[in-house]
Structure formats: C-alpha cells, structure tokens
Amino acid sequence: PEMTLQRTLLWPVAALMLSSSFAMAADVKLRLAGTLPAEHFGSKVLEQMIEEIESANVGVTVQYFPAGQLGSGEELFNDVRFGNIDMVHGTVYAQADPRLEVLSLPFLISSGDEIRSVLGDPTSEFNTVISEILADHGVQHLATIGEGLIGMIATDMPADPRGLGPKDMNIRVWSSQIVKTTMETLGYQTTTMNWAEVFPAVQAGTIDGAICCTPEWAYTTFAASDVGNTFLAYNAFVEIQEIYISGQSWDKLSPEQQEVIQTAASKAASTIAEDALERSEGFVGQLRDKGWTIVEFTPEEMSAIREKVVADVWPTLSGSVGQDLIDRLTK
C-alpha cells in the first residue's frame, strides 16, 4: 500500500515534467545572419520570411542580423557548419569546398529566364548538386537566389575593353580560382578580396575595379557614393546567394517546423530573385544618369569571349570540381 501511494503521488509529477520538456523542445529560437545592407530590398523580404515563420505558430522565433554583423560570407559558412549560427542568407564561397566552384562556372547561365528555370527550381540538377555538397559539411540547403547577371565596375575604361587583349588594369575577384582564371583570360590582373574590403579599395585606388555586381549593386554600392565610372556587362557569372541552416539546428526541429521554414525560405528566395531581375534594367539607366559609361557587348563580341573562356577555363575545373559534376550541370 505504501508503494502504491508513492507511485500514485509520483505519476502526476513525472507527467508534468515530461510535458514541460516537450514544451521546451518545441520552442526554438534561431539566429539568421545576412550580408545584405539593412536597407537593401532583400533584407525586407527576409524580414517578411521571418514574420511568416513566426506567424505559423509552430514554436519558432528568428532574430535577424543583417549587413554582415555576424561576419562575412566566408566566415558565416564555417559558423553554420559548427553550429555557432543557425541560419544564413549569403554567398557560399569555394574556399569551403573546391566543388563549390560550380557556383562560379562562367557562362553556365546567361539570361534571366535561365536564372528562373535553373536556380529557381529546387529540383534542378544545379540545386541538387549544391544540396549534396552542403550536406557533406553538415549544412541543410534551403534555397538558391539568383539576383542577376554580374558585370564589372571600374574607375576608368580598360584597354581593349571589348576584346581579349591586356587590359592594363588590376581588379578584385572573389575567392574563386575559376573567377580569377576567367578574368585573367580576359586580360586583367587580379587581386582576391573579400566583399567588405572592395569599396574602400576601389575608393582609395588600391584596385582599379571589381568583378562583383549586378547593375543594382553597382549603382547602390559605388555610383551612389560617386566611386567608379564604368560598368562592363560581361554577364559571365550570376549573383548567387543561398539560404541555408546548420544541420545541428535543422535536426532539432520537428517535421512541422522544418516544413514551415523550408516553405518560407523558398518563397523568400523566389521573391528576391524576381524583384532583382525586374529592377535590373532600371539601374542601368540610373548608372547612365550618374554619368557612367556602360560597355555592352555585341552578340559577336560576347560569342568570342564566351568561346575563349569555355575553351580555356572550363577544362581547368575537372581536377578540383570533378568531371562528373561538370557533366551533370552542363548536360
């Protein structure tokens, strides 16, 4: 009887403790780090994504840190790998894994329609490859964002701007061997530099320009501050960001929470990409209004550039990326 009484008294206590542990497990606070300026339209979309996640009432709250407050794109990927940060919206660089050079494969994507059909499709071979690579690092891929085709900004007109000869110009490239090789193939000297260092380096004349920017980024980052005067629309690369989450954080979520976050991230990626593509042409006009010279290539000129890059640069990737991945993407 005494034992029965003890059990009778303990069961409600145990049940209360168990229900409390479930409640605590369901309440999740995530930190989302971004590299976009707080005033960038993409940051507003990410804030809407957070509202959508939190309003689903599945026990998830998200705190957003824009403008590189928690680190650069290079740093954030490592922080997510080790579980120091939960989620990131930013560029993923090949220094994390040589196979990520596929994100910078020149002329793989050459139009807004291809950005929509390849990057915007979560089931595309491109996104499948990226998901596989990130998974190898314990990172869950949520969505790819293609903001537009990338050109080069400069403080002066390079020599032989439409051809393949020496440009007499030192420009910034991001941390990608294939981008470095591509721009050197086009006749430039290159310096690898993190994005946060680019504006002051161009402003100070440490470098003569940078392969970096959609027309919107060229205008908002450089022209609006009266830095630079020339935009060359090479369109060899795509401005790509990813939304991804630490595998450790992902595995702690319930299936319902995962579904809410995935749906909101996919919607945000689509919205940012579509808005960016629609805005691009308007910013070309704003660059002209600021007195910038826009170098747009004829189909013949672009064909010659593309053929040279594909012939000379693509074969250099097979060793680091793997011919199997290149075949999967280019097929």
Side-chain angles (χ1 to χ4, degrees), residues 35-36 40 42 73 90-94 100-116 118-120 126 144-155 158 161-162 167 169 171-188 190-199 201-202 207-223 227-228 230-242 272-284 286-287 292-297 301-302 305-306 308-310 313-314:
T35 55
L36 294 177
H40 188 280
T91 301
V92 178
Y93 295 96
L100 289 168
E101 287 280 17
V102 298
L103 289 165
S104 301
L105 190 62
F107 296 111
L108 176 67
I109 295 173
S110 302
S111 70
D113 287 341
E114 289 179 352
I115 289 176
R116 294 181 179 95
V118 177
L119 303 186
F126 184 96
T144 297
I145 303 167
E147 275 202 35
L149 298 168
I150 289 177
M152 194 190 98
I153 64 97
T155 55
R162 298 179 179 278
K167 301 297 188 288
M169 186 173 280
I171 66 163
R172 172 263 186 178
V173 297
W174 63 87
S175 50
S176 164
Q177 183 59 45
I178 194 171
V179 176
K180 178 179 176 67
T181 303
T182 297
M183 299 314 293
E184 289 175 353
T185 298
L186 297 182
Y188 292 95
T190 64
T191 298
T192 301
M193 188 176 292
N194 289 345
W195 172 246
E197 302 170 322
V198 176
F199 179 85
V202 175
I207 55 176
D208 303 309
I211 183 78
C212 63
C213 302
T214 63
E216 178 165 1
W217 278 101
Y219 180 83
T220 56
T221 305
F222 297 97
V227 173
T230 304
F231 183 81
L232 296 96
Y234 280 115
N235 295 345
F237 310 101
V238 181
E239 179 66 38
I240 295 177
Q241 288 98 38
E242 307 289 346
I272 293 173
E274 198 59 43
D275 286 357
L277 290 171
E278 291 178 359
R279 293 156 63 100
S280 181
E281 191 58 39
F283 279 99
V284 171
Q286 291 190 55
L287 287 170
W292 278 46
T293 300
I294 310 297
V295 177
E296 296 177 300
F297 299 91
E301 291 167 342
M302 186 55 72
I305 291 172
R306 186 185 190 282
K308 176 70 172 174
V309 169
V310 170
V313 178
W314 281 24

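The backbone N or O of Gly228 sits less than 3.5 Å from a side-chain atom of Trp292, completing a donor-acceptor pair. Distance alone, capped at 3.5 Å, places no donor-acceptor pair between the Lys180 side chain and the Thr192 backbone. Arg172 places a side-chain N or O within donor-acceptor distance of the main-chain N or O of Met193, the cut-off being under 3.5 Å. Between the side chain of Trp314 and the backbone N or O of Pro106, at least one donor-acceptor pair lies under 3.5 Å.
Taking the side chain as every heavy atom from C-beta outward, Thr214 and Phe283 never approach each other to under 4.5 Å. Inter-residue side-chain proximity for Phe126 and Leu103 is flagged as met; some heavy-atom pair is nearer than 4.5 Å. Side-chain atoms of Phe107 and Thr182, non-hydrogen and from C-beta on, never get closer than 4.5 Å to each other. Side-chain contact between Glu147 and Leu36: present, with at least one pair of heavy atoms (C-beta onward) separated by less than 4.5 Å.
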| task | Kindly determine whether Lys167 and Met152 satisfy side-chain contact (heavy atoms from CB on, under 4.5 Å), including the steps that lead there. | result | CA-CA 13 Å; Lys167 301 297 188 288; Met152 194 190 98; over 6 Å; no
| task | Let me see the working for Ile211 and Trp174 under side-chain contact (heavy atoms from CB on, under 4.5 Å), right down to the final yes or no. | result | CA-CA 8 Å; Ile211 183 78; Trp174 63 87; 4.3 Å; yes
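Taking each heavy atom of Ile153 and Ala218 in turn, the nearest pair found is CG2-CB, 3.6 Å. The minimum heavy-atom distance between Gly73 and Thr35, with the atom names listed, is N-CG2, 4.0 Å. The two residues Leu149 and Pro215 come nearest to each other via the heavy atoms O-CD, 4.1 Å.
Once rounded to the nearest 0.5 Å, the distance linking CD of Glu296 with CE of Met302 reads 9.5 Å. The CD1 atom of Ile272 sits 12.0 Å away from the CG atom of Leu277 when rounded to the nearest 0.5 Å. Rounding to the nearest 0.5 Å places CG of Asp208 at 9.0 Å from CD1 of Ile171.
Side chains of Thr91 and Trp195: a donor-acceptor N/O pair is absent below 3.5 angstrom, by distance only. Of the N and O atoms on the side chains of Ser176 and Glu101, at least one donor lies less than 3.5 Å from an acceptor on the other residue. Inspection of the Thr220 and Glu216 side chains reveals no N or O donor paired with an N or O acceptor under 3.5 Å.
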Using a 3.5 Å cut-off and no angle test, enumerate the donor-acceptor pairs between side-chain atoms of residues 108-116 and protein atoms at least two apart in sequence or in another chain.
from   : atom 1 : to     : atom 2 : distance (Å)
Ser111 : OG     : Glu114 : N      : 3.2
Asp113 : OD1    : Arg116 : NH1    : 3.3
Glu114 : OE1    : Ser110 : N      : 2.7
Arg116 : NE     : Glu274 : OE1    : 3.0
Arg116 : NE     : Glu274 : OE2    : 3.2
Arg116 : NH2    : Glu274 : OE2    : 2.9

Sequence neighbours left out, cut at 3.5 Å: what donor-acceptor pairs do the side chains of residues 231-241 make with other protein atoms?
from   : atom 1 : to     : atom 2 : distance (Å)
Tyr234 : OH     : Tyr188 : OH     : 2.8
Glu239 : OE2    : Gln241 : NE2    : 2.6

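Evaluation of the salt bridge (Lys or Arg N to Asp or Glu O under 4.0 Å) rule for Glu197 yields no partner, not counting sequence neighbours.
Here the options are Leu186, Thr181, Thr185, the test is side-chain contact (heavy atoms from CB on, under 4.5 Å), and the partner is Met183; only Leu186 passes.
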